[in-house]
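Notes to accompany the following structure.
Sequence positions, counted from 1, serve as the residue numbers for this chain. Only heavy atoms go into these numbers, but all of them, side chains included; no hydrogens, no water, no symmetry mates.
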Amino acid sequence: MIDSTEIYRALKESIQTTFPNISILTKYIKTPTPPCFYISSVADNSLKTATDFFTSKHIFSVIYYAEEVEHEELLVIKDELKRVFLSPIKIVSLEDESDIGFVDIKYSHIRFDRENNCFNAIIRLEVTQRLSDLESENSSENDALIEDMVYKLTKGG
């Protein structure tokens, strides 16, 4: 099953790959030392969509705390982050580090906070999964089924 923790790790990995020289905070700090990112889960919910399926919607906040830089430099980082959100993110199993599949980010919105010299990106992801996978997650047959479903979701089919 793809859960919030796996999505968080995938987001973190995608951002870390794109911005290898910028740290990503793993816990909230009231006054972080820039430049850095902070990723947090804002909300998630699940809705049963068919007899044996449910859709989970996950909303995350990605905050970038900037150094005192020119506005143009902030725009460059914002545009790079936007490109990260346009690409499917790779989900990896927490249990055995195996690839589960890819998930598209359905929505992203980036807002500048000039007063605090940062910007906040809100992103939403949706994952449809089988209910029966909750009971037998360790089965390789079910893992293949999840991967197939995620692939179909990311390809629009």
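- One finds the CG atom of Asn116 at 11.5 Å from the OG1 atom of Thr31 (value rounded to the nearest 0.5 Å).
- Between Phe19 and Phe37, the ring-plane angle classifies as tilted under the 30° and 60° cut-offs.
- The cluster map of Ile, Leu, Val, Met, Phe, Trp and Tyr, joined by side-chain heavy atoms under 4.5 Å apart, puts Ile39 and Val42 in different clusters.
- The distance from the NZ atom of Lys48 to the CZ atom of Phe54 is 11.0 Å, given to the nearest 0.5 Å.
- Remark: the backbone N or O of Arg111 is not paired with any side-chain donor or acceptor of Asn120 at under 3.5 angstrom.
- Among Asp3, Thr55, Ile91, Ile2, the one residue that satisfies the side-chain contact (heavy atoms from CB on, under 4.5 Å) test with Val127 is Ile2.
- Side-chain contact between Arg114 and His71 is present, with at least one heavy-atom pair separated by less than 4.5 Å.
- When all heavy atoms of His58 and Ser4 are compared, the pair lying nearest together is ND1-OG, 3.2 Å.
- For Pro35 against Ser23, the heavy-atom pair with the smallest separation is O-OG, 3.9 Å.
- One hydrophobic cluster, built from ILVMFWY side chains closer than 4.5 Å, holds both Ile110 and Leu75.
- Cluster annotation: Tyr8 and Val103 are assigned to the same hydrophobic cluster (Ile/Leu/Val/Met/Phe/Trp/Tyr, side-chain heavy-atom contacts under 4.5 Å, transitive).
- Within the 4.5 Å cutoff, no side-chain heavy atoms of Leu125 are placed close to those of Phe85.
- Separating the CD1 atom in Ile77 from the CD atom in Glu72 is a distance of 12.0 Å, to the nearest 0.5 Å.
- For the pair Asn117 (side chain) and Glu67 (backbone), a donor-acceptor distance under 3.5 Å is present.
- We find the CD-CG distance between Gln16 and Asn21 to be 11.0 Å, quoted to the nearest 0.5 Å.
- Asp113 places a side-chain N or O within 3.5 Å of a backbone atom of Glu115 that can act as its donor or acceptor partner.
- Listed here is the closest heavy atom pair of Ile22 and Cys36: CG2-CA, 3.6 Å.
- By the rule that hydrophobic residues join a cluster once side-chain heavy atoms approach within less than 4.5 Å of another member, Ile63 and Ile15 end up as members of separate clusters.
- The residues Arg83 and Glu80 are annotated as salt-bridged, a charged nitrogen and a carboxylate oxygen being separated by less than 4.0 angstrom.
- Ile29 and Tyr38 fall within a single hydrophobic cluster, where Ile, Leu, Val, Met, Phe, Trp and Tyr side chains are chained together by heavy-atom contacts under 4.5 Å.
- Ring geometry for Tyr64 versus Phe119: interplanar angle of 30 to 60°, hence tilted.
- Of all the heavy atoms in Lys12 and Thr26, the pair that sits closest is NZ-CG2, 3.4 Å.
- Checking each of Val84, Leu11, Ile7, Leu86 against Ile105 for a side-chain contact (heavy atoms from CB on, under 4.5 Å) leaves exactly one that passes, namely Leu11.
- Going from atom CG of Asp44 over to atom CD of Glu126 covers 12.5 Å, rounded to the nearest 0.5 Å.
- Residue Ser56 comes nearest to Gln129 through the heavy atom pair OG-NE2, 4.3 Å, listed as atom of the first residue, atom of the second, then distance.
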